[in-house]
There are 2 protein chains.
Amino acid sequence: MEARHLRYAVALAEQEHFGRAAATLGIAQPPLSKQIADLEREVGARLFDRTRQGVFPTAAGEAFLARARRALDEIAAATVDAGRAARGETGRLRLGFIASALLDPLPGVLSRFGRERPDVRMELHEMATSRSSPALIAGELDVALTLGPPRGAGAEHLVSVPVGTDHVIAVVSSAHPYAGQPSISVDQLRQQPLIVSAGEDEPAVVAALHALLGTDSTALGGAAVARDVHTIIGLAASGVGVGLGPSRMRAAPRPGVRFCEVTPRTPLPDLVLSFTARDHTPVLRAFLDTIRKNCPEVGAALNDRIRPRS
Amino acid sequence: MEARHLRYAVALAEQEHFGRAAATLGIAQPPLSKQIADLEREVGARLFDRTRQGVFPTAAGEAFLARARRALDEIAAATVDAGRAARGETGRLRLGFIASALLDPLPGVLSRFGRERPDVRMELHEMATSRSSPALIAGELDVALTLGPPRGAGAEHLVSVPVGTDHVIAVVSSAHPYAGQPSISVDQLRQQPLIVSAGEDEPAVVAALHALLGTDSTALGGAAVARDVHTIIGLAASGVGVGLGPSRMRAAPRPGVRFCEVTPRTPLPDLVLSFTARDHTPVLRAFLDTIRKNCPEVGAALNDRIRPRS
DNA sequence: CGTGGCAATATCTCTGAGGTATCGCCAGCA
DNA sequence: TGCTGGCGATACCTCAGAGATATTGCCACG
């Protein structure tokens with residue numbers, strides 16, 4: 001059975017007349033009679049009653065037509081859906097990101113992308129840098145925001161673009177003696193209880209802090225440890241000590257805290273956007289387009305690294 | 001686009017290999033390649049990624065395949081549903097009947113038919129004899145149980161078969177003086193308050209009662225009037241008077257009442273099964289088959305009146 | 001008893017689905 | 001680096017069947 005048979009049966013049921021139905025289908029009457037006859041033979045039941053008053057579906061015909069109409073609707077929808085998926089209007093984007101990316105680049109990009117592609121399902125996975133690359137290579141993510149470029153087995157199959165530099169800044173309670181200073185020196189920091197992020201997931205951050213403070217053990221003596229930047233800011237606000245974190249923290253202003261530069265300026269690994277070099281889904285391409293529009297300088301770097309329509 | 005394209009795309013997605021997919025479809029590989037290429041051109045998007053590892057759907061392909069599978073399921077179901085409808089296994093039966101038919105022939109027939117055709121939807125309409133025939137002719141009913149054969153315009157297009165004779169009996173409270181009698185005479189009835197059914201809908205019953213009681217006015221002096229036999233029996237049970245109704249009342253035994261014959265025996269119009277002479281739905285044919293099996297003598301009359309498979 | 005409208009049948013045509021043979025491409029390999 | 005094998009695409013042919021035209025058969029009309 002072919003879709004043609006369904007279309008012909010539906011047209012015949014609508015027109016209730018072989019000649020008119022054939023005309024609307026753009027064919028002559030005899031082929032329509034033949035196709036309907038073939039259909040009835042294949043189904044094994046008479047589908048239409050041919051009366052003087054017109055052609056009407058039998059009980060079997062009604063049952064058949066209900067299914068036929070749904071099948072034709074599905075076929076029409078198949079083309080539409082495929083087109084929308086090909087243009088990246090529907091689908092999903094699985095994005096891995098480090099927690100601090102939620103502060104600065106993500107809100108703007110996500111809200112813009114959400115407005116441009118309302119029917120794309122976003123799957124956001126907060127994860128450490130070290131877990132993103134394997135997930136990308138395994139096809140479990142479409143794109144990731146990490147600290148520093150991807151490393152490890154298969155990283156050569158990934159493309160990465162820096163989307164922002166970063167360095168260590170301090171966050172203190174407004175009531176803190178350092179709050180009024182434009183910057184805080186290392187010596188001043190050494191005299192304070194410090195609040196830093198837990199180091200297991202992001203060793204590069206810990207290494208930067210060690211470089212800054214001149215310690216060489218993995219533990220930062222006497223420091224409070226938090227799992228994410230919001231907690232660091234919260235602890236600093238409560239006066240527990242001086243928080244240290246990425247400059248991207250400034251994107252989370254909060255009454256009662258002040259952000260201060262730290263001297264010497266200590267770089268943190270770049271925030272990097274990475275994805276597989278090939279097999280880009282239309283949604284991923286649309287997402288990269290959004291980033292291009294949102295951050296022109298990142299867009300330029302993107303254009304250098306991926307060929308259009310690859 | 002034809003169903004063939006959907007089947008080929010689904011097979012290709014399952015086999016992930018043009019050669020194997022073509023083999024399962026019973027065709028050679030080149031035609032499959034061509035049909036898939038035609039499909040992709042018509043849809044306007046690449047549906048499969050041809051890689052060294054195998055052939056896999058793109059995002060557009062996944063969207064297309066989801067619809068394609070549903071369309072193919074609908075097409076398969078269309079044939080199955082049409083077959084079941086043609087055999088009368090599904091569908092509906094619109095049955096008009098007078099209330100008293102619920103006492104005797106209907107319960108047995110309906111329960112048997114419900115067991116034989118569990119997926120047929122029964123639409124039961126209690127209605128007076130006078131309304132059944134127009135409803136049958138207008139195509140609003142498939143079959144009707146009436147008192148006496150159909151009359152009126154178009155009645156010649158109906159077939160009717162008597163399914164039972166009937167006559168007037170009395171129903172009295174067990175405490176009533178007549179309760180012990182095998183039969184009650186007309187003279188005895190005339191001395192009692194009588195309970196009869198309302199006459200507007202079934203004039204033939206009223207006429208029979210007039211014939212029995214020898215009155216010629218349309219009103220039965222001093223009688224209580226009920227709209228259905230259950231009410232007649234209930235009123236009789238409460239001692240209001242002597243109920244008169246069809247002998248089919250005996251099928252509704254109730255503690256506290258007795259049924260008695262009435263002399264002289266007064267016939268009521270036959271209970272008649274009627275339906276249109278042509279355009280029988282498969283469900284109606286199945287229903288008539290059930291009646292044939294349930295009541296052999298009615299079956300014989302049916303066989304006389306309708307030709308098989310008409 | 002024509003007559004007109006409609007679906008079915010007969011017959012032909014030509015499109016296009018499917019077959020065979022072959023090519024082009026690339027990964028794996030010596 | 002050329003060789004080879006596997007796979008999909010291409011080229012070309014064949015014939016089944018979708019569709020066109022002409023005609024028939026069959027009632028409900030006048």
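Numbered from 1 within each chain, the chains take letters A, B, ... in sequence-line order.
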Check the distance between [N]'s [atom2] and [X]'s [atom1] and give it to me in whole angstrom.
X       : N      : atom1 : atom2 : result
A:Asp49 : C:dC6  : CG    : C1'   : 16 Å
A:Leu32 : C:dC6  : CG    : C1'   : 13 Å
A:Ile36 : D:dG19 : CD1   : C1'   : 14 Å
A:Glu42 : D:dG17 : CD    : P     : 12 Å
A:Arg41 : C:dA8  : CZ    : P     : 14 Å

Only counting residues at least two apart or in another chain, list the ones meeting side-chain contact (heavy atoms from CB on, under 4.5 Å) with A:Leu106.
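Applying side-chain contact (heavy atoms from CB on, under 4.5 Å) to A:Leu106 gives A:Leu95, A:Phe97, A:Ala101, A:Leu102, A:Leu110, A:Leu145.
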side-chain contact (heavy atoms from CB on, under 4.5 Å) partners for B:Ala37, two or more places apart
none
Please list, chain by chain and in numerical order, all residues satisfying side chain to side chain donor-acceptor pair (under 3.5 Å) with A:Asp142, sequence neighbours excluded.
A:Arg94
Output all residues satisfying salt bridge (charged side-chain N to carboxylate O under 4.0 Å, His left out) with B:Arg121, sequence neighbours left out; order by chain, then residue number.
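Salt bridge (charged side-chain N to carboxylate O under 4.0 Å, His left out) list for B:Arg121, sorted by chain: B:Glu123.
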Partner residues of A:Arg84 under the salt bridge (charged side-chain N to carboxylate O under 4.0 Å, His left out) criterion, sequence neighbours left out
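Expected list: A:Glu89, A:Asp119.
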Side-chain polar contacts of residues 39-47 of chain A - donor-acceptor pairs under 3.5 angstrom, sequence neighbours left out - could you list them?
{"residue": "A:Glu40", "atom": "OE1", "partner": "A:Arg50", "partner atom": "NH1", "Å": "3.3"}
{"residue": "A:Glu40", "atom": "OE1", "partner": "A:Arg50", "partner atom": "NH2", "Å": "3.2"}
{"residue": "A:Glu40", "atom": "OE2", "partner": "A:Leu47", "partner atom": "N", "Å": "2.9"}
{"residue": "A:Glu40", "atom": "OE2", "partner": "A:Phe48", "partner atom": "N", "Å": "3.2"}
{"residue": "A:Glu40", "atom": "OE2", "partner": "A:Arg50", "partner atom": "NH1", "Å": "2.9"}
{"residue": "A:Arg41", "atom": "NH2", "partner": "A:Asp38", "partner atom": "OD1", "Å": "3.1"}
{"residue": "A:Glu42", "atom": "OE2", "partner": "A:Met1", "partner atom": "N", "Å": "3.1"}

Do NZ/NE/NH1/NH2 and the carboxylate oxygens of A:Arg20 and A:Glu14 come within less than 4.0 Å?
no
Mind listing the N/O atom pairs, protein and nucleotides 2-7 of chain D, below 3.5 Å?
{"residue": "D:dC7", "atom": "OP1", "partner": "B:His17", "partner atom": "NE2", "Å": "3.2"}
{"residue": "D:dC7", "atom": "O5'", "partner": "B:His17", "partner atom": "NE2", "Å": "3.3"}

For D:dA9, take OP1 and OP2 only and decide whether either is under 4.0 Å from a side-chain N or O of B:Ser33.
yes
Where protein sits on nucleotides 15-24 of chain C, one letter per nucleotide: B base, S sugar-phosphate only, - none, heavy atoms under 4.0 Å:
--SBBBB---
With a 3.5 Å cut-off and sequence neighbours excluded, list the donor-acceptor pairs that the side chains of residues 59-73 of chain A form with protein atoms.
{"residue": "A:Arg67", "atom": "NE", "partner": "B:Asp81", "partner atom": "OD2", "Å": "2.7"}
{"residue": "A:Arg67", "atom": "NH1", "partner": "B:Glu74", "partner atom": "OE1", "Å": "3.2"}
{"residue": "A:Arg67", "atom": "NH2", "partner": "B:Asp81", "partner atom": "OD2", "Å": "3.2"}

